[in-house]
Each structure stands twice: as structure tokens, then as C-alpha cells.
2 protein chains.
Amino acid sequence: MKLTTKGRFAVTAMIDVALNNHEGPVTLAEVSERQKISLSYLEQLFGKLRRHGLVESVRGPGGGYNLAKLPATISVSDVILAVDEPIDTTSCGGEKNCFEEQQCLTHHLWASLNAHIFTYLQGVSLESLVDDARERKSPSIHVVRDLRKEPFSERPLTLNTHVPSVVNVTV
Amino acid sequence: MKLTTKGRFAVTAMIDVALNNHEGPVTLAEVSERQKISLSYLEQLFGKLRRHGLVESVRGPGGGYNLAKLPATISVSDVILAVDEPIDTTSCGGEKNCFEEQQCLTHHLWASLNAHIFTYLQGVSLESLVDDARERKSPSIHVVRDLRKEPFSERPLTLNTHVPSVVNVTV
DNA sequence: GCTATAGCCGAGTAATTTAGTCAAGCAAAC
DNA sequence: GTTTGCTTGACTAAATTACTCGGCTATAGC
């Protein structure tokens, strides 16, 4: 599992779709504009998200993408795994370079770290991120109305963060 | 904090030094051969490790590197932080790109992940890795003799692991 | 003092990966 | 049958990583 800006873009875009698909599918053009992510790049990412069953597409005018599952059932790790290359879980044992038993020593450290990271990301659902987003945007409104039922007409949320302290993980 | 092969090499090399510095300093040439890491690259890494006070150098013939502190007091995160660029902890707040409050949303997720990773790596001491290494190499011998007091004449340990499932983290 | 050893340092380069573009389609709605 | 918007694959640019290279400095031992 890799966590580069690719994964971050994917998570951000998924949150955007979750926040905006109350009335029909969300087009990538919208997501692109709101989140300032290149449209072509989004197309690439959503192709993978679709093939991994996280979103579903509707073609033609009025089309776009919907979440294929409930936000509560989508974890951050799902999203990241989807957009990155298939995880060949080639562990120490199966590797040619791991020719000395002792090589597995530091490997164990990283493997253990990986497990930690994976577990953590698996525990964070898209729903929780979406809830966070709604809360921050309009905390007062959040209590009164159910945003899931009405359009989000304010200035679009910009969720993506291009901070230099990038998370960049391979599991 | 970044975790690429650079960090892995550094950790591996530090274990190697810890395992072999019972009789005077360890030369990078030895480490290079044992761990199959380019000598020039090691020089680069150890320059940083030295400047961060993790190892100390002895120049001239018979010279090399010693650990500057007890293995128990050196954490994996120390090593990784040492070899990677100075962590500008520019968080969401200080960033130009973080112009909308909402950008901090996904940022929070990554920041939290980073904290997890850091805490984990901070909790792993070089000593524990060295103990692991000794145990795996010769479990029976381990009980009987104190390896810290005698040369390690067997075939050198090769600790490094070039497995594709790379850990690659920026905190 | 000479010489060999081994650390020290900075600039430069090769390889890989990431992020993104481009172009040519295809499906469905109107 | 035209427009919208997803679909696909190949291609490119930028950034990063993982090195190499060359020349230097300190020190031990003859």
C-alpha cells in the first residue's frame, strides 16, 4: 500500500463525492474544480476506484460517479489500495534478495510498522471523514438540518491539502 | 520524517555497527561489504548520523565509527530523522496552500497517521533490534556466551532487506 | 616526514517514481 | 445526432532517490 499524493487525492476526491452525491452522480469536472485536482488525473484515479468497486459510474449527460457502498463501509485503506498498484505482498520469505535468514531482521521491523499503519487506516471510514468535513464547514447548521437531503449550495469545500509534510507510505 | 530505503539503509548500518564495534571502531568498508550498501552512500549517511550525534568517528588507520550513545537510548525514529532532510514541521496552519479552513480536514487524517507512525518508531530502540539480530543468528550461543565481549567471526550478518514492499513514510 | 588508511565533503548523474497530459474513443440523454 | 461525460492507453515532465566521483583532511605506523 502506498500513500503518496495519489492516495491523498483519491481520499479527498472520495470525500468530495460523498459530500455531493445527494442529488445524482457527481461529475469529475466538479470534483476537479472544487478540489483543484487535474481532471485527467481524476479520470485515471476513478477508473481504478471503479474497478475496485468503490464507486460506480453513470455515463452520458447527467452522469458522473456515485459511491458504490455506504461511506461507513469504505475505509481509507480501501481507497489507497485501490488507486495504487496491486499490492504484491511479497514478504521476506518469497524474495530473492532475502537470501540470508538475517535479512528478515530489519524486515520484521518494517513489516510490523506496515501492519500498524494498515490497521490504523483500515479503522478510519470515509463516513467519519465526511462527518468531520460537515462539522467543520458549518457546525451550527449541522445540528439542525440533515445535509444528506439537501444540496450544498455554499462555496465548495476544498478538502485537499498540499502540505509538504506528505504522508508517503508503502505497505 | 521520511522512510525510504535511505532510512532503511541507515537503520541496517546502525545495527551492523552495534553488532561489530566490540573491538574498536567499525569501518564503513566493512559495513559496506557485509550489508551490500555502496560505500560512498554510507559515507553520505554516516556524515548525517555523526552530525546528529548518533555515531562518533575516528579518523586515520584503525579508525571508523562507534555508536555515540547506548543502543538502548537510540530509537529508530532518531536514525531516520538524522538521515533525512530537516523536518520542517510546516503544518497546515503555516502553509500557503492551506488557504481554506476545510483543507485541514484531510490534513488532520494524515497528521494523525504521522503521529502514530512516529510514536511507533520512537518506541523501537536500536538495542531491541540488535538483540533480535543476535537471537536469530545463533539462538543457542546467545544463551551461553556474551557476544558483546568477543569478536563475531562467523559469516557476517546481512541485515538489509531490499523487499519490494518498501516502507516509505514522510512525517 | 612519508605513506597508507579511513573519514569528510560537495557536486554531479542515473534511475525510478510521481504526477500529469493528450488523444481517440464509447454510451446515454435529449 | 449532438452533447455530455465516462473509458482507455500511451506518452511526457518533473521530482525524488540513490547513488558515483574526485579531491580533500586527519592520523597511525614505519
Practice item. Whole angstrom is fine here: how far is it from CD in Glu30(B) over to C1' in dT5(C)? Key: 12 Å

**Study point:** Presence of Thr4(B) side-chain N/O under 4.0 Å of dT16(D) phosphate oxygens OP1/OP2
**Key:** no

Exercise for review: Round to the nearest Å and state the distance from His52(B) atom NE2 to dC8(C) atom C1'.
Suggested key: 17 Å

Check your understanding: Does a donor on one side chain sit under 3.5 Å from an acceptor on the other, for Thr27(B) and Glu30(B)?
Key -> yes

Practice item. Provide, to the nearest angstrom, the distance between the NZ atom belonging to Lys36(B) and the C1' atom belonging to dC19(D). Key: 17 Å

Practice item. Give the rounded distance in Å between these two atoms: OH of Tyr41(B) and C1' of dG10(C). Key: 16 Å

Point to revise | Counterpart residues, side-chain contact (heavy atoms from CB on, under 4.5 Å), relative to Ser40(B) (two or more places apart) | key: Ser38(B)

Review point. Tell me: CG of Leu49(B) to C1' of dC8(C), nearest whole Å?
Key: 14 Å

Review point. For the pair made of NZ in Lys48(B) and C1' in dG10(C), what is the distance, rounded to whole Å?
Key: 12 Å

Check your understanding: How does protein contact run along nucleotides 5-15 of chain D, one letter per nucleotide 5' to 3', with B for base contact, S for sugar-phosphate only, - for none, heavy atoms under 4.0 Å?
Key -> BBBB-B-----

Point to revise | Interatomic spacing from CG in Leu54(A) to CG in Leu49(A) - rounded to 0.5 Å | key: 5.5 Å

**Study point:** Spatial distance of atom CG (Leu81(A)) from atom CD (Gln122(A)) [nearest 0.5 Å]
**Key:** 8.5 Å

Check your understanding: Could you give the NZ-to-P distance, from Lys6(B) to dC19(D), as a whole number of Å?
Key -> 11 Å

Check your understanding: How about Asp78(B) and Ser75(B): does a side-chain donor come under 3.5 Å of a side-chain acceptor?
Key -> yes

Review point. What's the CG-P distance between Leu42(B) and dA6(C), to the nearest Å?
Key: 15 Å

**Study point:** Glu33(A), CD atom: more than 12 neighbouring heavy atoms under 6.0 Å
**Key:** no

